[in-house]
Amino acid sequence: QTDKWSAGLSFSLPLFSGFRDQSNVQSAKALFSASRALEDSVRRRVLIDLHQGYNAFLQSQARLKVDEAYRDAAQLRAEIARKNYNNGLLKFENWDPIENDFIVRQKNFLQSRRDRVISEAKWENSQGLGALP
């Protein structure tokens with residue numbers, strides 16, 4: 001009976017990898033450029049969203065001021081029209097549109113207040129702020 005043991009050692013040195021290493025480097029460079037472009041795109045999109053949110057907030061504040069002024073003017077006009085109507089100086093056909101206009105102005109003012117609060121919340125959210133810590 002003969003027991004034979006054998007051991008071997010193998011060593012390989014790739015001399016030519018078929019441009020695999022070069023293509024891997026080019027692929028990595030392309031992925032790096034793509035990730036840089038994506039980062040720039042996201043950064044620009046965030047800046048645009050911040051600018052738009054801030055502008056919407058400013059516009060809602062201005063709109064609220066305008067609607068408040070219209071509501072106050074319509075309220076004064078309605079008070080005068082009520083007094084004139086009660087004293088018999090104004091017909092119902094003339095008094096009713098004034099009251100309806102006042103109601104519409106009140107609704108517009110309330111909607112503007114709501115829109116301002118919503119736009120402020122969106123603006124704070126886009127900054128990463130909020131009412132809750």
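All values below were derived from every heavy atom in this structure, side-chain atoms included, with hydrogens, water molecules and symmetry-related copies excluded. Numbering starts at 1 and runs along the sequence shown.
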**Q.** With sequence neighbours excluded, residues passing side-chain contact (heavy atoms from CB on, under 4.5 Å) with Val25
**A.** Lys29

Q: Mind checking side-chain hydrogen bond (donor to acceptor under 3.5 Å, both in side chains) for Glu39 and listing every partner two or more places apart, or none if nothing turns up?
A: Arg43

Without placing hydrogens or testing angles, list every side-chain donor-acceptor pair under 3.5 Å for residues 112-119, not counting sequence neighbours.
residue : atom : partner : partner atom : Å
Ser112  : OG   : Asp67   : OD2          : 2.2
Ser112  : OG   : Asn108  : O            : 3.0
Arg116  : NH1  : Glu120  : OE1          : 2.8
Ser119  : OG   : Ser60   : OG           : 2.6
Ser119  : OG   : Asp115  : O            : 3.2
Ser119  : OG   : Arg116  : O            : 3.0

Q: Run through the side-chain heavy atoms of Ile, Leu, Val, Met, Phe, Trp and Tyr, join any pair under 4.5 Å, and report what else lands in Tyr70's cluster.
A: Val66

Q) What pairs with Gln26 under side-chain contact (heavy atoms from CB on, under 4.5 Å), at least two apart in sequence or on another chain? A) Gln22

Q.
Within the 4.5 Å heavy-atom criterion, are Ser126 and Lys122 side-chain neighbours or not?
A. no

**Q.** Residue pairs passing the ring-ring contact (aromatic ring centres under 6.0 Å, His included) test where at least one lies in residues 35-56, sequence neighbours excluded
**A.** Tyr54-Trp123

Q) To the nearest 0.5 Å, what is the distance between CD (Gln59) and CD (Gln52)? A) 10.5 Å

Q) Is there a side-chain contact between Asn94 and Tyr85, using heavy atoms and a 4.5 Å cut-off? A) no

Q. Using 4.0 Å as the upper bound for N to carboxylate O, is an ion pair formed by Asp40 and Arg36?
A. no

Q. Is it the case that one hydrophobic cluster holds both Ile48 and Phe57, taking links as side-chain heavy atoms less than 4.5 Å apart, direct or via other members?
A. no

Side-chain donor-acceptor distances from residues 72-79 under 3.5 Å, at least two apart:
none

Q) Measuring from Asn55:CG to Leu50:CG, what's the distance to the nearest 0.5 Å? A) 11.0 Å

Q: Could you tell me which residues satisfy ring pair (Phe, Tyr, Trp, His ring centres under 6.0 Å) with Phe92, sequence neighbours excluded, listed by chain and number?
A: Trp95

Q) Has the side chain of Asn87 got a donor or acceptor atom that lies under 3.5 Å from a matching backbone atom of Lys83? A) yes

Q) Taking only residues two or more places apart in sequence or in another chain, which ones pass side-chain hydrogen bond (donor to acceptor under 3.5 Å, both in side chains) with Asp49? A) none

Q) How many angstroms lie between atom CD1 of Ile98 and atom CD1 of Ile103, to the nearest 0.5 angstrom? A) 12.5 Å

Q) According to the salt bridge (Lys or Arg N to Asp or Glu O under 4.0 Å) rule, which pairs have a member within residues 90-99, sequence neighbours left out? A) Arg82-Glu99

